[in-house]
Participant: 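Shown below is the structure under consideration.
Residue numbers start at 1 and run along the sequence shown.
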Amino acid sequence: MNLTQHRSKKLFGAASAWFLALSLALPVLALEPPAPGELERYRLDGTLEQRQAFARSLGNHKAAPGLIASARQKLQNIAEGRPEAAYAPPAGWRGMPTTGAVNVLALCIEFKDYPHSTPIEDVESNLFGDGVNAPPYESLRNFYLRSSYDQLEITGSVLGWYQPSYPRKNVPQSTSGREGLIKEALSHYDSQGFDFSPFDNDGDGAVDYLIVIWTGPDTGWANFWWGYQTGFYDGSYKLDGKYLSTYSWQWEANPYPGNYSARVVIHETGHALGLPDFYDYDDGIGPSGGVGGLDQMDANWGDHNCWSKFMLDWLTPELLTSGSAGLSLAASGTTQDCLLIMPDVAEGNCFDEFYMVQHRKPRTGNDSSSYPAQGLVIWHVDARTDPEGYDFLWDNSYSSHKLLRLMEADGLEEIERYNEWADAGDFYTGRVDFGPDSFPSSARYDGTHSGVVVRDISVTTDAVGFTAEIVDVSGYPAVTSMAKKGNPFRILVSGSGFQPGLKVSINGQEWPGTSVAGSTDVTISGGKSLKKAAPKGTMNTYEFRNPDGKKATVVWRWP
């Protein structure tokens, strides 16, 4: 990354190493995303609500609580000038390390009524070797070597195929049924003298990560026979003195029968490292669309984003909190280049609201040939936590705004409005700038302007150049809340910086029924015609433009 004429500094010097924390009393779970169209099918057959309740009960839309607590402790140590203590996690936290050589155990289970299709040698190659398929999903090991810039190497052993004496339908579809099957299979290999102790990488007494692969058809999203990650409840069960902690549970092939692919376990291993899902479980709550599929933790598509890699200690972003910087970012598939930009973000505190910028390029690293474009990807991150530092305040499914949002350069907001996939128009390639006047704008989630600007973007084969800066936003209108009122129907807007003569547009059409009260309140009137222009439950775009041309744009739906 090349920088010129700027005032910036590296963020903490040492990146924050994150570790998954797993309590046996509160196991962390994670869920494979549904196939396109699957949720609509469940909506029609009446099972969607039940499946969404199951998904929410898993808590897989959240990051591991101990991961957050561990990272906060490390950041505090760094901020206090104690780098030697930065990588000592708090006592009691344990999980899969995010760097170094990590030894992982895989268990393959088949059934008499559903025999396996994949030779065990191919499973082993797809997990811990070079794989039998084409990159980037050819093997778990190779994917994470590339993603971590050679800082995490996943090695391991494969047991199987184990076949119980009963058909699959006899497995109780419950936690105890799942654990009973796993214990039966592992005890079989224990009786044959297999040594489980090497899979405790950090010496905390636990097998850090177990991969369980089963045969047969799945039973659909958010159901027993699906792909997800969970924790082992039975703390009394030990093998060579080691208990089981985190494990993932997934199919051999979907559809069955078929050959095993590493694509699902790549996603589930992201959870084992502590990352949450970024796809949306319920488009009826909060903004829709996740990140448009443009992330490994959304639709198993491409690499992990730069914020996730920052949290996993695989890169250290450049930090810009004031002034300007001329930057040139190489593609993040093979380099650690990225920018974190926001005024007033304290050095040593990544648990805040900010923007991150990276260069994504198809056929580079884990970003596959199906990636829609080359250019800058801008992420809006709100990583603020509760006062105890136990959990993020926001997620991508059930909160009023997202933990991680992809800023759509074309301004169509197709992800948020229509639950669409990310496309080429969402990449910043020089057609438009990003800042207070753009749509989407660089406002904070509270509606106030951040002053963040990314402009003068130029894309070449090897890099994307641009200017990043923090500008003065005095005089800009800011919208902090909107609410509907009835009889007659109207929308009340609160904020700051509103001027007499303010113009309001709804979905690109100037709206005549607007009144301004002081600099803090706007009323949009119109009764039935306003209801028609901004239908209930629909994400609508509102632009507030002062006579001097300064504006604020928000997307909002009234309940």
Participant: Could you measure the distance from the NE2 atom of His271 to the CG atom of Leu275? Nearest 0.5 Å is fine.
Facilitator: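 Nearest 0.5 Å value for the NE2-CG distance: 8.0 Å.
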Participant: Sub-3.5 Å donor-acceptor pair from the side chain of Tyr137 to the main-chain atoms of Phe143, do we have one?
Facilitator: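 Such a contact is absent between Tyr137 side chain and Phe143 backbone.
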Participant: Are any side-chain N or O atoms of Asn223 and backbone N or O atoms of Trp225, one a donor and one an acceptor, separated by less than 3.5 Å?
Facilitator: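 Checking the backbone N and O of Trp225 against the side chain of Asn223, no donor-acceptor pair under 3.5 Å is found.
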Participant: For Tyr542 and Phe544, take the angle between the two ring planes, folded into 0 to 90°, and tell me which bin it lands in: parallel under 30, tilted 30 to 60, perpendicular over 60.
Facilitator: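 Geometry flag for Phe544 against Tyr542: parallel rings.
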Participant: Could you report the tightest heavy-atom contact between Trp556 and Met482, atom names first, then the distance?
Facilitator: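 Smallest interatomic distance, heavy atoms only, reads CZ2-O, 3.5 Å.
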Participant: Check the pair Asp295 / Asn305 against side-chain hydrogen bond (donor to acceptor under 3.5 Å, both in side chains), numbers first and verdict last.
Facilitator: CA-CA 6 Å; Asp295 190 75; Asn305 65 80; 3.0 Å; yes
Participant: Using side-chain hydrogen bond (donor to acceptor under 3.5 Å, both in side chains), reason through Asp395 and Ser397 one step at a time and then give a plain yes or no.
Facilitator: CA-CA 6 Å; Asp395 59 65; Ser397 288; 4.7 Å; no
Participant: Are the side chain of Thr480 and the backbone N or O of Ser494 linked by a donor-acceptor pair below 3.5 Å?
Facilitator: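 Yes, because the side chain of Thr480 sits within donor-acceptor range (under 3.5 Å) of the backbone of Ser494.
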Participant: To the nearest 0.5 Å, what is the distance between CZ (Phe310) and CG (Leu340)?
Facilitator: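 So the CZ of Phe310 and the CG of Leu340 are separated by 6.5 Å.
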Participant: Please lay out, stage by stage, how Leu393 and Asp382 fare under the test side-chain contact (heavy atoms from CB on, under 4.5 Å).
Facilitator: CA-CA 8 Å; Leu393 294 173; Asp382 193 347; over 6 Å; no
Participant: Is there a side-chain contact between Tyr371 and Trp301, using heavy atoms and a 4.5 Å cut-off?
Facilitator: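 They are in side-chain contact.
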Participant: As a test of understanding, state which of Asp437, Asp548, Thr448 forms a side chain to side chain donor-acceptor pair (under 3.5 Å) with Tyr476.
Facilitator: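 When side chain to side chain donor-acceptor pair (under 3.5 Å) is applied between Tyr476 and each of Asp437, Asp548, Thr448, only Asp437 qualifies.
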Participant: Assess whether side-chain contact (heavy atoms from CB on, under 4.5 Å) is satisfied between Leu530 and Ile506, documenting all intermediate values.
Facilitator: CA-CA 9 Å; Leu530 178 58; Ile506 302 175; 3.6 Å; yes
Participant: How long is the span from the OG1 atom in Thr230 to the CD atom in Glu268, to the nearest 0.5 Å?
Facilitator: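 If I round to the nearest 0.5 Å, the distance is 10.5 Å.
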Participant: How far apart are the closest heavy atoms of Gly220 and Tyr42, and which atoms are they?
Facilitator: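 So the two residues come closest at CA-OH, 3.0 Å.
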Participant: Is there a donor-acceptor pair under 3.5 Å between the side chain of Asp298 and the backbone N or O of Val291?
Facilitator: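 Yes, Asp298 side chain to Val291 backbone: donor-acceptor pair under 3.5 Å.
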Participant: What distance do Lys361 atom NZ and Thr461 atom OG1 have between them, rounded to the nearest 0.5 Å?
Facilitator: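 With rounding to 0.5 Å, NZ (Lys361) is 6.0 Å from OG1 (Thr461).
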Participant: Measure from the side-chain N and O atoms of Ser332 to the backbone N and O of Gln358, and report whether any donor-acceptor pair falls under 3.5 Å.
Facilitator: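 No; zero donor-acceptor contacts below 3.5 Å.
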Participant: Less than 4.5 Å apart, side chain to side chain, heavy atoms only: is that true for Lys536 and Lys484?
Facilitator: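 They are not in side-chain contact.
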Participant: Given side-chain contact (heavy atoms from CB on, under 4.5 Å), test Ser505 with Arg545 step by step and report yes or no.
Facilitator: CA-CA 8 Å; Ser505 295; Arg545 183 183 293 270; over 6 Å; no
Participant: Do side-chain atoms of Glu408 reach the backbone of Glu414 as a donor and acceptor pair under 3.5 angstrom?
Facilitator: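 Flag set: sc Glu408 to bb Glu414 pair under 3.5 Å.
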Participant: Is the His380-Phe354 ring centre distance short of 6.0 angstrom?
Facilitator: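 So the answer is no for these two rings.
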Participant: Anything under 30° is parallel, anything over 60° is perpendicular, the rest tilted; go ahead and classify Phe489 against Trp558.
Facilitator: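 Correct class here is tilted.
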Participant: I'd like to know if the side chain of Arg360 reaches the main chain of Pro372, judged simply by a donor and an acceptor atom lying under 3.5 Å from each other, with no hydrogens or angles considered.
Facilitator: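 Checking the backbone N and O of Pro372 against the side chain of Arg360, no donor-acceptor pair under 3.5 Å is found.
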Participant: Can any side-chain N or O of Gln336 pair as donor or acceptor with the backbone N or O of Trp314 at less than 3.5 Å?
Facilitator: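 Yes.
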Participant: Using 0.5 Å steps for rounding, measure from the CD atom of Gln250 to the CG atom of Asp218.
Facilitator: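 One gets 12.5 Å once the value is rounded to the nearest 0.5 Å.
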Participant: Do Cys306 and Leu339 have side chains that approach each other closer than 4.5 Å (heavy atoms only, starting at C-beta)?
Facilitator: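 Not in contact.
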Participant: Could you check Asp472 against Ser474 for side-chain hydrogen bond (donor to acceptor under 3.5 Å, both in side chains), going step by step and ending with a plain yes or no?
Facilitator: CA-CA 6 Å; Asp472 180 12; Ser474 58; 3.1 Å; yes
Participant: Pick one: which of Asp303, Thr316, Thr98 meets side chain to side chain donor-acceptor pair (under 3.5 Å) with Lys309?
Facilitator: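 Of the listed options, the one satisfying the test is Asp303.
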Participant: What's the verdict on side-chain hydrogen bond (donor to acceptor under 3.5 Å, both in side chains) for His304 and Asn366, showing C-alpha distance, side-chain angles and the deciding distance?
Facilitator: CA-CA 9 Å; His304 294 291; Asn366 290 326; over 6 Å; no
Participant: Looking at Arg444 and Glu353, does any basic side-chain N land under 4.0 Å from a carboxylate oxygen?
Facilitator: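 Looking at Glu353 together with Arg444, the answer is no, because their closest N to O distance does not fall below 4.0 Å.
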Participant: Which heavy atom in Val452 sits nearest to a heavy atom in Pro343, and how many Å separate them?
Facilitator: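 Taking Val452 first and Pro343 second, the nearest heavy atoms are CG2-CD, 4.1 Å.
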Participant: Nearest heavy-atom pair of Asn507 and Ala533: which atoms, and what distance?
Facilitator: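 Of all heavy-atom pairs spanning Asn507 and Ala533, the closest is ND2-O, 3.5 Å.
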Participant: Drop me the distance from Asp423's CG to Asp410's CG, to the nearest 0.5 angstrom.
Facilitator: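 The distance works out to 6.0 Å.
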Participant: Flag the pair Met407 / Tyr355 as yes when at least one side-chain heavy-atom distance between them is below 4.5 Å, and no otherwise.
Facilitator: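 Yes - at least one pair of side-chain heavy atoms lies under 4.5 Å apart.
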Participant: Is the closest side-chain heavy-atom distance between Trp249 and Trp226 below 4.5 Å?
Facilitator: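 No. Closest side-chain heavy atoms not under 4.5 Å.
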Participant: Judged by atom type as modelled, is there a donor-acceptor pair below 3.5 Å linking the side chain of Asn419 to the main-chain atoms of Gly289?
Facilitator: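 Checking the backbone N and O of Gly289 against the side chain of Asn419, a donor-acceptor pair under 3.5 Å is found.
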Participant: Tell me, do Arg455 and Glu469 make a side-chain contact under 4.5 Å, heavy atoms counted?
Facilitator: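 Result yes, sub-4.5 Å side-chain heavy-atom pair found.
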Participant: Go through the steps to decide whether Val453 and Phe434 satisfy the test side-chain contact (heavy atoms from CB on, under 4.5 Å), and finish with yes or no.
Facilitator: CA-CA 6 Å; Val453 171; Phe434 178 69; over 6 Å; no
Participant: How are the rings of Trp307 and Phe278 set relative to one another: parallel (under 30°), tilted (30 to 60°) or perpendicular (over 60°)?
Facilitator: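 Because their plane-to-plane angle lies in the 30° to 60° range, the rings of Trp307 and Phe278 count as tilted.
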Participant: Tell me which one of Leu376, Ile378, Leu294 satisfies side-chain contact (heavy atoms from CB on, under 4.5 Å) with Phe427.
Facilitator: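 The option that passes is Leu294.
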Participant: List the atom of Val479, the atom of Val554, and the distance in Å for their closest heavy-atom pair.
Facilitator: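 Nearest heavy atoms, Val479 then Val554: CB-CG1, 4.0 Å.
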Participant: If we ignore hydrogens and angles and just use 3.5 Å, is the side chain of Ser450 paired with the main-chain N or O of Ser442 as donor and acceptor?
Facilitator: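 Yes, Ser450 side chain to Ser442 backbone: donor-acceptor pair under 3.5 Å.
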Participant: With a 4.0 Å cut-off on N to O distance, would you call Glu416 and Lys402 a salt bridge?
Facilitator: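 Here Glu416 pairs with Lys402 in a salt bridge, since their nearest N and O are under 4.0 Å apart.
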Participant: Hey, is Glu413 close enough to Arg405 for a salt bridge, meaning N to O under 4.0 Å?
Facilitator: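 Yes, this pair counts.
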Participant: Of all the heavy-atom pairs spanning Ser328 and Ala463, show the shortest one and how long it is.
Facilitator: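 Residues Ser328 and Ala463, closest heavy atoms: OG-CB, 3.4 Å.
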